[in-house]
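Both counts, for ligands and for their atoms, begin at 1 and track the order of listing.
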Amino acid sequence: MPEIFSYDYALQSDYEDELRSFRDAFYLPDPNLIYLDGNSLGVLPNSTPQLLDHVVKHEWGNRLIRSWNEGWYERPSETGASLANLLGAHPEEVIMADSTSVNLFKLAFAALKYQHGRTSIVSDALNFPSDLYVLQGLVEHFGRQYQLRLVPSPDGIGIEMDKLAELLDKQTALLSLSHIVFKSSFMYDMKEVSRLAHDKGALVIWDLSHAAGAVPVRLNESGADMAIGCTYKYLNGGPGSPAFLYVRKDLQEHLQSPIWGWFGQNKPFNFDIQYKAAAGIHRFYAGSPPMLSLSSLHPSLDIITKAGIERLRLKSISQTEYLISLFRHYLQSLGFGLGSPTDSAQRGSHVSLCHPEAFRICKALINPPYGEKTIIPDFREPDNIRMGIAPLYNRYTDIFEAVMRMKTIVETASYEDFDKNRSAVS
Ligand SMILES: *Cc1c(COP(=O)(O)O)cnc(C)c1O
């Protein structure tokens with residue numbers, strides 16, 4: 001094997017990678033683009049356009065309304081069942097609906113009603129802002145009967161279990177956490193946290209947005225109560241593809257959705273004027289499912305199933321470790337810091353590198369000088385360059401080239417060519 005810090009080492013690693021052929025299943029037409037943002041928007045699978053063409057022209061175009069009886073009506077549940085497999089849940093425990101934020105609202109609302117009499121909601125200071133906004137909104141809607149308590153992070157990277165345990169007590173109705181934290185990639189031990197919460201009688205909702213398709217999730221085995229997550233990141237469902245929602249079987253009949261829409265009614269097509277909740281998890285549907293973007297999830301689920309989530313995780317660990325070694329060797333002395341856990345058991349599939357000039361370094365990566373490759377990571381305030389590693393299509397050479405470019409950008413101060421103005425989406 002060539003020396004680890006050489007380009008040849010990256011080449012050799014790609015050559016020996018048993019998952020390397022999966023890259024061919026994705027639409028990556030530009031050889032001069034290195035995409036390290038699959039944790040924000042996954043790449044288009046090659047077979048998606050053809051599938052969508054069929055759904056649009058045949059199912060919608062030819063079959064029109066008849067398609068509801070020719071597969072559409074069952075598709076959200078069938079898709080949920082395929083996804084359940086990947087999440088370590090039973091098929092009748094997962095459905096596809098709405099966005100992650102809306103699903104969090106529905107489940108958190110239901111959990112608070114069920115846990116009537118308790119007065120606190122616990123989350124952490126590293127959670128995704130949308131999740132915290134939804135919880136803040138619930139506190140407001142419930143007339144401030146609840147207190148939202150956030151576990152602090154000592155370093156902005158991780159959360160200590162004893163600090164979390166301190167905030168959980170007999171007043172805790174709900175604990176709402178991201179399994180993998182969006183900025184630092186810190187990953188909770190789901191089983192341990194579930195046990196801590198259950199000891200106090202609290203329910204837990206896990207946001208799996210950065211976990212689904214990236215790490216093996218074992219909802220049943222970990223004693224998880226509820227979960228939500230999006231499908232356009234490591235699940236490659238495309239922009240705005242529907243989110244998912246999980247509720248463990250024995251809890252389903254005890255929970256009520258706050259949105260009594262017709263798709264969550266017992267028999268929507270009886271058009272009864274009185275609402276009666278559907279059995280099981282179906283009660284958490286609200287309105288018509290988005291058939292086009294729901295269908296577009298299938299190619300990627302097939303690819304992930306073929307590759308195997310355990311093998312993807314092994315490659316992801318190998319690649320994130322590799323990135324961190326390169327960071328130590330080439331970048332640490334240039335003012336970069338590691339914004340992610342060093343222990344792979346506590347880290348998801350992205351790695352954050354911090355630098356005071358992170359914003360302009362990102363701009364320089366995305367807008368390279370003539371003849372150089374475009375490199376797309378993403379920037380997260382205040383100083384994180386987030387490098388998403390999607391082992392289905394990212395190569396070791398992508399990582400090597402991205403690190404070498406960051407080194408050059410900082411050594412030559414070429415980020416100074418860019419201004420500090422932020423655009424609407426970063
Ligand atoms: C990406 C992400 C979301 C997305 O929420 P939407 O409502 O589907 O836009 C939610 N939570 C976390 C933790 C995320 O990373």
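Salt bridge absent: Lys249 and Glu92 never bring a charged side-chain N and a carboxylate O closer than 4.0 Å.
Residues lining ligand 1 at a heavy-atom distance below 4.0 Å are given as Ser99, Thr100, Ser101, Phe128, Asp131, Ser178, Asp207, Ser209, His210, Cys230, Tyr232, Lys233, ordered by chain and residue number.
Tested against Leu175, the residues Asp225, Asp124, Leu164 include a single side-chain contact (heavy atoms from CB on, under 4.5 Å) partner, Leu164.
For Lys233 and Phe128, the positive end sits near the middle of the six-membered ring, less than 6.0 Å away and at most 45° from its axis. A cation-pi arrangement is found for Arg422 relative to Phe359, the charged atom lying closer than 6.0 Å to the ring centre and inside a 45° cone about the ring normal.
For His254 and Tyr114, the distance between ring centers is under 6.0 angstrom.
With sequence neighbours excluded, the residues forming a ring pair (Phe, Tyr, Trp, His ring centres under 6.0 Å) with Trp260 are Tyr275, listed by chain and number.
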